[in-house]
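Chain letters run A, B, ... following the sequence lines, proteins first and then strands; every chain starts at 1.
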2 protein chains.
Amino acid sequence: MDRELLLLGLLRREDMHGYQLTEFINRNLASCVDLKKPTAYYLLDKMVEAGWITRSEEQEGSRPPRHVYQITAEGEAVFQHLLRENLSTHHPARFTDDIGLALLDALSPQEAIPLLERRRAALAAELEQARVIPPHSGAWQYVIDHLVSHLAAELDWLENLLRRLAEGPPAPEG
Amino acid sequence: MDRELLLLGLLRREDMHGYQLTEFINRNLASCVDLKKPTAYYLLDKMVEAGWITRSEEQEGSRPPRHVYQITAEGEAVFQHLLRENLSTHHPARFTDDIGLALLDALSPQEAIPLLERRRAALAAELEQARVIPPHSGAWQYVIDHLVSHLAAELDWLENLLRRLAEGPPAPEG
DNA sequence: TCCTGACTATTCAAAACTGACTATTCAGGG
DNA sequence: CCCTGAATAGTCAGTTTTGAATAGTCAGGA
């Protein structure tokens, strides 16, 4: 329900059409949400069916008509509910992408270290970039801060891992 | 490709059947991978088709026959490739579930604080639990350490946010 | 004026995923 | 011996997601 929450949150600020919604999200919130265009249209359709939003055609000049969405009273109620639920619960993060770490023992440290070095470089670059993002106004900033703090933690952890690997294999000593 | 990598990584240690694979993953790696049973069978089917693994029937006593999977030479090559790729690239984490943060300005601090307090409590509990997990042997430990470091960062960040909210709204001063 | 590449806006067929279900074995109590 | 609940093992119908395609507009250059 998190993407629905986001779409409702944007539509309650102002009416928007589908393309505008996805562009906005992918430009401003790419760091925390990945919402493909077809998925957005799919969700919007479902929300129309559920009565949370309505769709109307907007003709502008000679352009093909666009579908503009607006939130309903019921949608606003759902938004209020979803937002409270979302804020009050902790969603355990999943790190599926990092599963390679569990299989690290398939490689020797000599092989693993250069690979992880490359990862460290990419991560450091992303962190630097995230820190440079100009301070947005209001709540957007929370999302960036949040991201930055996780990237920093990841970098710390990775550097620590590299140190441990360099020091030698975790031989079971007795 | 991350779940394929994991399945290959397990199968190259020993032959396993479908149920065994999903149980193992859900018991030991639930903190970083969410792999539903039907998805696992789906992926295994595809990997058989691709020639990465083979399937054979195993009859044991009066039990219904089980499908046992074993990795092929091609599968081992794919594993080696995927592991190197996975380790060497940084996969930007997504925090879709935390999207409520971007919409925090829909609530007054007075309303938001108790909600976030509940989240803080749940998060702190999970962190404590993760820290208590008995040290696994070998590489499994990396996955736990990784999780712990992110949970700790999340808690820090959340407590910082709560402090900022309590101090007052981020009024634009000039 | 016609062409090209970029942007706007959406759709669709195919792929991927999951909730709910089926079916069997086994251990223990009555 | 029969019943029940838990564990094992897997399947399937329906939902969700996505890569790729469609189709129009617009700006600028040749």
Q: State whether the distance check finds a donor on one side and an acceptor on the other, under 3.5 Å, for side chain B:Lys37 versus base D:dG10.
A: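 Looking at the base of D:dG10, it does pair with a donor or acceptor on the side chain of B:Lys37 (distance under 3.5 Å).
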Could you tell me how far apart [X] ([atom1]) and [N] ([atom2]) are, to the nearest whole angstrom?
X       : N      : atom1 : atom2 : value
A:Lys46 : D:dT17 : NZ    : P     : 8 Å
B:Tyr42 : D:dA13 : OH    : P     : 16 Å
B:Arg66 : C:dA23 : CZ    : C1'   : 16 Å
B:Leu35 : C:dA16 : CG    : C1'   : 12 Å
B:His67 : D:dT8  : NE2   : C1'   : 14 Å
B:Asp45 : D:dC12 : CG    : C1'   : 12 Å

Q. What residues in residues 14-23 of chain B put a non-hydrogen atom under 4.0 Å from any atom of DNA chain C?
A.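 DNA chain C contact set from residues 14-23 of chain B: none.
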Q: Applying side chain to side chain contact (heavy atoms under 4.5 Å, CB included), name anything that partners A:Thr96, two or more places apart in sequence or on another chain.
A: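 A:Thr96 satisfies side chain to side chain contact (heavy atoms under 4.5 Å, CB included) with A:Arg94, B:Asp2, B:Arg3, B:Val33 once adjacent residues are dropped.
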Q: Sequence neighbours left out, what passes side chain to side chain contact (heavy atoms under 4.5 Å, CB included) with A:Gln80? Give chain and number order.
A: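 Checked A:Gln80 against side chain to side chain contact (heavy atoms under 4.5 Å, CB included); matches are A:Arg12, A:Glu76, A:Arg84, B:Leu107.
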Q | Results of salt bridge (Lys or Arg N to Asp or Glu O under 4.0 Å) for A:Arg55 - residues two or more places apart only | A |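 Checked A:Arg55 against salt bridge (Lys or Arg N to Asp or Glu O under 4.0 Å); matches are A:Asp45.
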Q) Tell me, which pairs form a side-chain hydrogen bond (donor to acceptor under 3.5 Å, both in side chains) where one or both residues lie in residues 29-43 of chain B, sequence neighbours left out? A)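 Qualifying pairs: B:Asp34-B:Lys36.
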(Q) Could you check whether B:Lys46 pairs with B:Glu49 (Lys NZ or Arg NE/NH1/NH2 to Asp/Glu carboxylate O, under 4.0 Å)? (A)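 Answer for the salt bridge query: no.
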Would you be so kind as to tabulate the donor-acceptor pairs closer than 3.5 Å made by side chains of residues 150-159 of chain B, with sequence neighbours excluded?
{"from": "B:His150", "atom 1": "ND1", "to": "A:His150", "atom 2": "ND1", "distance (Å)": "2.9"}
{"from": "B:His150", "atom 1": "NE2", "to": "A:Glu154", "atom 2": "OE1", "distance (Å)": "2.4"}
{"from": "B:Glu154", "atom 1": "OE1", "to": "A:His146", "atom 2": "NE2", "distance (Å)": "2.8"}
{"from": "B:Glu154", "atom 1": "OE1", "to": "A:His150", "atom 2": "NE2", "distance (Å)": "2.4"}
{"from": "B:Glu154", "atom 1": "OE2", "to": "A:His146", "atom 2": "NE2", "distance (Å)": "3.3"}

Q) When you check the phosphate oxygens OP1 and OP2 of C:dC17, does a side-chain N or O of B:Arg3 lie under 4.0 Å from one of them? A)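 Yes, such a contact exists.
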